Amino acid sequence: QATGKSQRVPLRRVILRNEWVEVGIAPDLGGRIISLIDRRTHAEAIPTPTEIRIAPGGLRAVEWDHGIQFQIGPGGRANSLGPVEMQIQESEDSVLLHELIPGLGVSWQAKVSLPQNSPRVQIDCSVFNRSLATNVFEWGISGALEGAQPVPEGGLYDEARNAGFSMSPEKGALSVAVESPGRTSWTFPSRPWMPRERADHRISLSPMSGMQTPTFAGRDLAFSLQD
């Protein structure tokens, strides 16, 4: 319920950078990726936000359509704009994010890192059914980029800025769904999870820039075919 009051709150942002790419992660905003820069072309695949423009929606009646975030359970995450546990692993140049989903008996963990000699971001996800009973839910990742168009096989691209990104799993099949203009989700279908069952997946996030809206985008390749 809206109170009509507002206040300034400091928010943490973690930056990972190599010669190819720079990624910004906000552990106080659900652990979402809020910026992605292709350092080869200096294009912002996900522009660094200057403000948080919330809109009606989500499990808590407000949501922010920006960046890439973890989704789990029906209707998304109640904590999509709240803090998650975070640990910086300096020896591995990575960030570890973790959250226990209230009321679901499920936790998720994501390790965000930059592979050497590669222009992509690596996201190692783990989902754990902590319950002693069978649990049924779906999980995945959603992405939002204002003004962008969906890319076949999973991605978003903004022709006005000539930049965007693609998402691809290294194993398993992600179901790609265009939820609304500028918003796409990549999910593993809902299924029964056995007590204490855990699943691990690696997902690659790749920036794209300097082309028209791609006809195809994958982990290591994107191209555009025009008439």
Side-chain angles (χ1 to χ4, degrees), residues 23 25-27 29-34 36 45-46 57-60 63-82 84-86 95-113 120-131 134-145 148-157 164-194 197-208 216-219:
V23 60
I25 303 142
L29 293 170
R32 74 180 66 205
I33 291 174
I34 60 171
L36 178 64
I46 301 175
L59 293 179
R60 292 194 171 177
E63 59 185 0
W64 184 32
D65 275 347
H66 182 84
I68 295 169
Q69 63 173 313
F70 200 89
Q71 299 285 9
I72 192 165
R77 286 167 53 221
N79 194 42
S80 66
L81 287 171
V84 300
E85 295 182 42
M86 182 269 294
V95 176
L96 193 64
L97 305 165
H98 177 269
E99 182 187 16
L100 175 64
I101 305 296
L104 194 58
V106 175
S107 65
W108 65 269
Q109 177 175 292
K111 178 182 176 181
V112 183
S113 60
R120 61 187 174 88
V121 179
Q122 184 172 291
I123 307 172
D124 290 299
C125 304
S126 296
V127 180
F128 181 35
N129 177 21
R130 293 175 173 270
S131 172
T134 301
N135 213 335
V136 179
F137 59 90
E138 68 176 21
W139 71 276
I141 291 177
S142 68
L145 190 59
Q149 298 297 319
V151 176
E153 303 301 325
L156 290 169
Y157 198 83
F165 61 86
S166 68
M167 298 280 292
S168 57
E170 292 201 0
K171 65 176 183 178
L174 281 170
S175 175
V176 181
V178 178
E179 299 177 0
S180 61
R183 186 172 181 176
T184 301
S185 65
W186 298 262
T187 59
F188 290 92
S190 178
R191 66 171 180 84
W193 289 63
M194 299 300 293
E197 180 181 354
R198 170 176 167 165
D200 301 313
H201 289 275
R202 174 170 290 174
I203 299 173
S204 292
L205 166 64
S206 302
M208 303 180 290
F216 170 84
R219 191 187 76 173

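Since the model is a prediction, treat every value here as computed from it, not as a measurement.
- Relative orientation of the Phe188 and Trp139 rings is parallel, given thresholds of 30° and 60° on the angle between their planes.
- Atom CD1 of residue Ile25 and atom CG of residue Leu36 lie 10.0 Å apart, to the nearest 0.5 angstrom.
- For Glu138, there are no salt bridge (charged side-chain N to carboxylate O under 4.0 Å, His left out) partners, not counting sequence neighbours.
- Here Leu100 contributes atom CG and Glu85 contributes atom CD; the two are 8.5 Å apart, rounded to the nearest 0.5 Å.
- Not a single donor-acceptor pair under 3.5 Å links the side chain of Arg183 to the backbone N or O of Asp65.
- Phe137 meets the ring pair (Phe, Tyr, Trp, His ring centres under 6.0 Å) test with Trp193; sequence neighbours excluded.
- Using cut-offs of 30° and 60° on the angle between ring planes, the pair Trp108 and Phe70 is parallel.
- Rounding to the nearest 0.5 Å gives a distance of 8.0 Å between OG of Ser168 and CZ of Arg120.
- The distance from the CE atom of Met167 to the CD1 atom of Ile203 is 5.0 Å, given to the nearest 0.5 Å.
- Distance check, rounded to the nearest 0.5 Å: CZ of Arg191 to CD of Glu197 gives 4.0 Å.
- At distances below 3.5 Å, not a single donor-acceptor pair connects side-chain atoms of Arg202 with backbone N or O atoms of Gln122.
- Taking 4.5 Å as the limit, some side-chain heavy atom of Thr134 sits within range of a side-chain heavy atom of Met194.
- In this structure, the side chains of Phe165 and Val121 stay at 4.5 Å or more apart for every pair of heavy atoms.
- Note that CD1 of Ile72 and CD1 of Ile141 are 11.5 Å apart. Values are rounded to the nearest 0.5 Å.
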